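Take a look at the structure set out below.
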Amino acid sequence: MNVMEIFKSMEYGPAPEAAAPGLTWIQEHAPFGLFINNQWVKPDSGQYMESINPATGRPLAQIASANSADVDAAVAAARAAFETWSRTLGHVRARYMYAIARHIQKHSRLLAVLESLDNGKPIRETRDIDIPLVARHFYYHAGWAQLMASELPGYEPVGVVGQIIPWNFPLLMLAWKIAPALAMGNTVVLKPARYTSLTALKFAEILQEIGLPPGVVNIVTGEASQVGEALVRHPDVNKIAFTGSTDVGRSIRRATAGSGKKLSLELGGKSPFIVFDDADLDSVVEGVVDAIWFNQGQVCCAGSRLLVQENIAGRLIEKLRVRMEHLRIGDPLDKAVDIGAIVSPGQLKEIQRLVNQGVEEGAVMWQPSWACPTEGYFFPPTLFTNVSPATTIAQVEIFGPVLVSMTFRTPNEAVELANNTRYGLAASVWSENINLALDVAPKLKAGSVWINCPNLFDASSGFGGYRESGFGREGGKEGLYEYVRPKWESSTPATADDFHIVQDSTLPDSSRSSVHEKEVGETSHEEDVEPGSTNGFRPVFPSIDRTPKMFIGGKQVRPDSGYSRDVYDPGGHVVGQVGEGNRKDIRNAVEASHAASGWAVGTTHNRAQILFYIAENLAAREEEFARCIVQQTGRSYSDAVSEVEASISRLFSYAAWTDKFEGVVHRPPLRGAVLAMPEPIGVTAIACPEAYPLLGFISLVAPAIAMGNTVVVIPSQTSPLSATDFYQVLETSDLPGGVVNIVTGDRDTLSQVLADHDDVDAMWYFGPAEGCKRVELASSGNMKRTWVNYGHPRNWSDPVQGEGEEFLHESTQVKNIWIPYGE
Ligand code: NAD
Ligand code: MN
């Protein structure tokens, strides 16, 4: 071909990156062993599995196939290493991590080639995106290792972490898992995905090179049914961090329920890509290419649903087709290739199956005129129009290069359509009108929102889902909390059980006097016996019959069952009755809670004012509330006063936090900024602890509503009267109806209904271990976030345990809004 001919056709010539360095490295190392305690060991089974090159369908390497005995050995190595690594100075951990980052850069080309060979993704992406992001992740987290002591005081590492990753970004997902774990002083057993272990094994070699202490990171390759399940069920693993499909995530939630293992899940998505009619359509077209054809669409946050304003839909689709016609598919190692191979024959089949289904469902399919390579596993970029929102292809994650498009008329319709999914991982908004874009972004239920850009990632900016896309964040400071726990937890014996405190009718003496000294001071309420109260268990005066109702949607309501339950004092005398709540009451409360969602979008100033006002109104009735506590628990009057005063102080704390827990602005390496905004989770169900009938209730309800959630609360089962009295305080404090709903009755029956409920977004449960397990199990239905205490007691009167950051984190999920700037 001469120059003139090239000019005419404007065809690219081949520009292949050499495979040889990768293939040589593989040859020198195959068959690959397991990386345990910094040694390469043979798998216990003696078995190996094949990794293939998806661009050719031919075998690349033999990889060890581990079994549970290997997992045991790796966990034991990680446990032994944890003893030292967890106590290694942050600065020293930072040095190791810095060395890892440097070595990733030194081996960057080999890593890029290996990743393309093993996964089938274009070298352009592995070279320019995957590997640089991996290095950046280790640099960034080296910094957090250095700063942990000063920036996360009161937190300690979780222990041995089991990490399970998918095949779509093999080394990047490894980095997202290992970097924060090591920075926070944990040790790791990581299982790569079956099809893509090679870069993880090269990474292990890097760890040897830099001399990371043995056992800190162990890499165990193998099948999900062997390695994955053994890790999930291992009794000596303290946390599971998983990225993969929602179905597997759900099964892991169930398998770990009640085990006390900390869990973070990064799951699937069906992310909307919203185009308003004033968007720059040429940029939009390039944006769509990067949203859905990046990595062959095998991206959890792929912009797989194109939502276009109706009046420009025809024009945009036309432009897209022209662009699709020019996309280049082929050898992943060719630097001029846009689309590489699908990772496996199974995945290819699944994509084809869903595309066929789309056609059957009546959508219009379009593919470019050119043909895919016949060798290897390729699928052409595919566009569906005439898609109706309820069909399979509009709802199910296809995980391939398939875009479905729908239209909308108004911004509200766009938001509705965008949120019409069980997922909530990411969203992209395109408009030249910054006011519109910034108005829409917070309304989208998604962990990342990209304005006029697609698929941007950076270590500084947390990534993770809402709803069935999972919970937990990777990256940013928020990601660190997935790998730490409050220090006080390990110093409190797990045997004491605050659920017996009420039955025993006394608080432990120490905590009682400490509350008293701290919260009351010397002058007030020293006398222990007050008129109308009791220091024995019999009221001095016969009590007035109290039959408070439940509180739903801002109204006092009778229980649907028509039954009441008796409330006793510790001496066994009836001191009142509360409604026996049932399924119907819970349903109404959840509905009311949803109807009050405007609470989340009100100003933080307004919410803070209301919390202060609630505190003020509680203070005005301090003695009455103290007497109610005495009556139900038989504790001393001064002790009860301390509880009321601690509750008032706690309300003040959260009134204070309401307009101060605001998030941050990240500066990732791009022209632009990322707003990391803590958002409420939504409808939060709360089962209160038995002890501290008032303080336990306030300690949980206050942070939840301060952050904008609406709540359905089951008060202390044995001492519910403090909570039911409290609705009178709420009624006089300008709190909108439905923000706090109170349903009394049997805690575990009601909790079960709430945990099963698909419209409850989060559930907190402070009760016996058995109940915690049931809540975690049931939560897997809609993957609601849970916070439970595994029967572990908490001293609610101690501000270290009873209030603060931990509560604010549990009340929020971070949304990262990416705003690039410049022309
Ligand atoms: P997958 O769920 O099949 O597998 C993920 C990992 O889990 C693999 O290592 C697999 O071996 C292991 N695994 C499978 N079953 C297991 C079990 N029962 N117990 C323990 N481990 C088990 O997912 P995949 O096909 O490898 O990856 C694609 C999915 O991952 C997509 O749904 C995608 O959206 C999701 N993903 C999510 C993110 C995110 O950050 N949210 C990132 C990448 C991929
Ligand atoms: Mn492979």
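Bear in mind that the values here come from a model prediction, so they are computed numbers and not experimental data. In each ligand, atom 1 is the first atom listed, and ligand 1 is the first ligand listed.
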May I ask you to check whether D458 and S460 show a side-chain donor-acceptor distance below 3.5 Å?
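Distance-only check passes for D458 and S460.
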With a cut-off of 6.0 Å (strictly less than), are more than 12 heavy atoms of other residues, nucleotides or ligands near NZ of K815?
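Yes, NZ of K815 has more than 12 neighbouring heavy atoms, counting only those of other groups under 6.0 Å.
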What about the rings of F169 and F294, do their centers lie closer together than 6.0 Å?
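Yes: the rings meet the under 6.0 Å criterion.
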Sidechain N-carboxylate O distance under 4.0 Å for E478, R473:
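Looking at E478 and R473, the cut-off is not met.
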Using a cut-off of 2.8 Å, count how many protein N, O or S atoms are strictly closer to the Mn ion (ligand 2).
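If we list every protein N, O or S atom nearer than 2.8 Å to the Mn ion (ligand 2), we get 4.
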Sub-3.5 Å donor-acceptor pair from the side chain of T187 to the main-chain atoms of A78, do we have one?
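Confirmed, T187 side chain pairs with A78 backbone.
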Ignoring hydrogens and geometry, is there a side-chain-to-backbone donor-acceptor pair from S108 to I104 under 3.5 Å?
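Side chain of S108 to backbone of I104, a donor-acceptor pair under 3.5 Å: no, none is there.
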Give me the atom names and distance for the closest heavy-atom approach of K784 to F471.
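Minimum heavy-atom contact is O-CE2, 4.0 Å.
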Sequence neighbours left out, cut at 3.5 Å: what donor-acceptor pairs do the side chains of residues 225-232 make with other protein atoms?
none

N/O pairs closer than 3.5 Å, ligand 1 and protein:
unit_1, atom_1, unit_2, atom_2, d
ligand 1, 2 (O), S245, N, 2.8
ligand 1, 2 (O), S245, OG, 2.7
ligand 1, 9 (O), I165, O, 2.7
ligand 1, 9 (O), K191, NZ, 3.2
ligand 1, 11 (O), K191, NZ, 2.9
ligand 1, 18 (N), E229, OE2, 3.4
ligand 1, 23 (O), S245, N, 3.4
ligand 1, 25 (O), W167, NE1, 3.0
ligand 1, 26 (O), W167, NE1, 3.0
ligand 1, 30 (O), G244, O, 3.3
ligand 1, 32 (O), E397, OE1, 2.7
ligand 1, 34 (O), E397, OE1, 3.4
ligand 1, 34 (O), E397, OE2, 2.6
ligand 1, 41 (N), L267, N, 3.3
ligand 1, 41 (N), L267, O, 2.8

Show every side chain to side chain donor-acceptor pair (under 3.5 Å) that has at least one partner inside residues 341-351, sequence neighbours left out.
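Qualifying pairs, neighbours excluded: E350-R353.
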